Q: 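Below is one structure. I have some questions about it.
Both ligands and their constituent atoms are indexed starting at 1 by order of listing. Note that the structure is predicted; figures quoted are calculated from it, not measured.
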Amino acid sequence: MTTDNPFLPFHVPEIGDEEIRSVVETLRSGWLTTGSKVKQFEENFALYTGATHAVAVNSGTAALHLALDAIGIKEGDEVIVPTMTFTATAEVVLYFKARPILVDCEADTLNIDPDRIERKITPKTRAIIPVHIAGQPCNMDKIVQIARAHNLKVIEDAAHALPALYRGKMVGTIGDITCFSFYATKTITTGEGGMATTNNPEWADRMRMMSLHGISKDAWKRYTSEGSWYYEVLYPGYKYNLTDIAAAIGIEQLKKCDRFVEARRRIASIYNETFADLPEMRRPACGPDVQHAWHLYVIQLELERLRITRNEFIEALKKENIGTSVHFIPLHLHPYYRNTLGCKPQDFPNASAVFERIVSLPIYPKMTEGDVQNVIAAVKRIVREYRR
Ligand SMILES: Cc1ncc(COP(=O)(O)O)c(C=O)c1O
């Protein structure tokens, strides 16, 4: 069966007149690159998350890279990374000629399984990068406890987790450094962008300096009346600074962050309620200790109860004009990681099994009540048609 509804994309960012006005004002200001808007965005973000320092950069990947640099990752070090994540989490480890050590996920939350971390720790291990999959914080008590016991740093990949709480604590204030993404699909967006938060002033300074070529402090001011032409290169840094144009969007988006997450939570609770009577699919598991950011709504198909595969389910939804995605293809199944790390599907039984079953349904503030109902109706129609 097909539908007359227009195609519902997997995601559409919500950009209002406020963001447009703010960008236009910045374009007219004569200052386009890193400047007062970025500073404002950093200050507002630190206030919002409760972190002492926030360093804005041009992607979540850049934030992760700078975080590993700040804690001093070196060639030959090992860093624990979940296999159930986007490649950015592990590729930044490789930038240092260090080794990502993949760990399996929990079958229900899809977050890194803390019980499997300790077995992977060796004398070379320096850090753990937990990823709060879909916006649900990992078991941070256990992870921090393991890290402290082995003298490891915790760099949180919170690309999905703005805003999220773990036992009442805001993500961004728990690990040593937390990295956020403002990619177009994230809770708030700047098109591309990212932020690293930390309570450690030395790491914040180092990340800020390395985000702009490793040149001396406040180098961005050198073309302003406050600045000086003189600067010194202290380290070979990177070109990761955020523009004021992007920050102008970020400032306005951050003001709406609570409303955005509320809209996501509402959709998640409607999905949770209406899908409760479908034994052909499992709803996302949500632990009692967390407040979920609901960046993603990932269902797990009970394939034993269906006559179609996950890929066919996605195709059927596409025919119903519903866009979906898969988060994630575990890293150990990608050719690069498979070949260089020598990992096999059976080394990661949960992620390997779960990968065959997962589908991410649309969930974003711009969805109308009708859109949500269309997704529900399409899922129900497909399940009805293909149940065993
Ligand atoms: C889990 C995770 N980590 C890191 C990133 C990288 O963020 P960015 O695209 O801003 O570099 C993403 C991006 O989608 C992600 O999903």
Q: Ring centroids only, cut at 6.0 angstrom: are H11 and Y183 within range, meaning strictly under it?
A: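 Centroid distance H11-Y183: not below 6.0 Å, so no.
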Q: Below 4.0 angstrom from a heavy atom of G60, which ligand 1 atoms are there? Numbered from 1 as shown, please.
A: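 Heavy-atom distances to G60 below 4.0 Å select 7 (O), 8 (P), 10 (O), 11 (O).
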Q: Linking I/L/V/M/F/W/Y whenever their side-chain heavy atoms sit closer than 4.5 Å, directly or via other members, would L341 and I80 fall into one cluster?
A: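 No: no chain of side-chain contacts under 4.5 Å links L341 to I80.
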Q: Under 3.5 Å between any N/O of T85 and any N/O of ligand 1: does that happen in this structure?
A: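 No: no nitrogen or oxygen of T85 is under 3.5 Å from one in ligand 1.
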Q: Considering heavy atoms of the protein only, find what lies nearest to atom 7 (O) of ligand 1 and give residue, atom and distance to 0.1 Å.
A: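 Checking every protein heavy atom, the shortest distance to atom 7 (O) of ligand 1 gives S181 OG, 3.4 Å.
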Q: For ligand 1, note which part of S59 has a heavy atom under 4.0 Å away: side chain, backbone, both or neither.
A: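 It is both parts that get close, each with some atom under 4.0 Å.
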Q: Tell me whether R116 forms a cation-pi arrangement with F348, defined as NZ or CZ under 6.0 Å from the six-membered ring centre and within 45 degrees of its axis.
A: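 Cation-pi check for R116 and F348: fails.
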Q: Is the H132 to Y166 ring centre distance short of 6.0 Å?
A: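 Aromatic pair excluded; centres sit 6.0 Å or further apart.
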Q: Under 4.0 angstrom from ligand 1, any heavy atom of K186?
A: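 Under 4.0 Å: yes for K186.
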Q: Quick one about S216 and Y230 (side-chain donor to acceptor, distance below 3.5 Å, no hydrogens or angles considered), yes or no?
A: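 There is no such pair between these side chains.
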Q: Which is it for F180 and ligand 1 at heavy atoms under 4.0 Å: side chain, backbone, both or neither?
A: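 None of F180 does.
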Q: Do F86 and H295 make the cut of ring centroids closer than 6.0 angstrom?
A: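 Ring-ring flag for F86/H295: false, centres at least 6.0 Å apart.
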Q: Compute the ring centroids of F182 and F41, then answer whether they are less than 6.0 Å apart.
A: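 Yes, close enough.
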Q: Is the H65 ring parallel, tilted or perpendicular to the F96 ring (thresholds 30°, 60°)?
A: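 Answer is perpendicular, since the angle exceeds 60°.
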Q: Which of the atoms in ligand 1, numbered in the order shown and given with their element, are less than 4.0 Å from a heavy-atom of F328?
A: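 Near F328, the atoms of ligand 1 are 16 (O).
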Q: Could you tell me, atom by atom, which parts of ligand 1 come under 4.0 Å of a heavy atom of T89?
A: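 Checking each atom against T89, I get 3 (N).
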Q: Show me which atoms of ligand 1 lie under 4.0 Å from any heavy atom of A88.
A: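 Those qualifying, in numeric order: 4 (C), 5 (C), 6 (C).
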Q: Below 4.0 Å from any atom of ligand 1, is there a heavy atom belonging to G193?
A: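 Yes, that is the case, since the closest heavy atom of the residue is under 4.0 Å from the ligand.
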Q: Report the relative orientation of the aromatic rings in Y238 and Y240; use parallel for angles under 30°, tilted for 30 to 60°, perpendicular for over 60°.
A: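 Judged by the thresholds at 30° and 60°, the geometry between Y238 and Y240 is parallel.
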Q: Quick test: of every protein heavy atom, which one is nearest to atom 3 (N) of ligand 1, and how far off is it to 0.1 Å?
A: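 Nearest protein contact, heavy atoms only, for atom 3 (N) of ligand 1 is D157 OD2, 2.6 Å.
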Q: Could you list which atoms of ligand 1 come closer than 4.0 Å to a heavy atom of V131?
A: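 What qualifies from ligand 1 is 1 (C).
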Q: For atom 12 (C) of ligand 1, what's the nearest protein heavy-atom neighbour? Residue, atom name and distance, please.
A: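 That would be F86 CD2, 3.7 Å.
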Q: How close does the nearest protein non-hydrogen atom get to atom 16 (O) of ligand 1, and which residue and atom is it?
A: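 Of every protein heavy atom, H160 NE2, 2.9 Å lies nearest to atom 16 (O) of ligand 1.
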Q: Quick one: look up the protein heavy atom nearest atom 11 (O) of ligand 1 and list residue, atom name and how far away it is.
A: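 So the nearest neighbour among protein heavy atoms is T61 OG1, 2.5 Å.
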Q: Please state whether the rings of F275 and Y297 are parallel, tilted or perpendicular, taking 30° and 60° as the class boundaries.
A: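 Because their plane-to-plane angle lies in the 30° to 60° range, the rings of F275 and Y297 count as tilted.
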Q: Side chain or backbone, does E192 bring an N or O within less than 3.5 Å of an N or O on ligand 1?
A: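 No.
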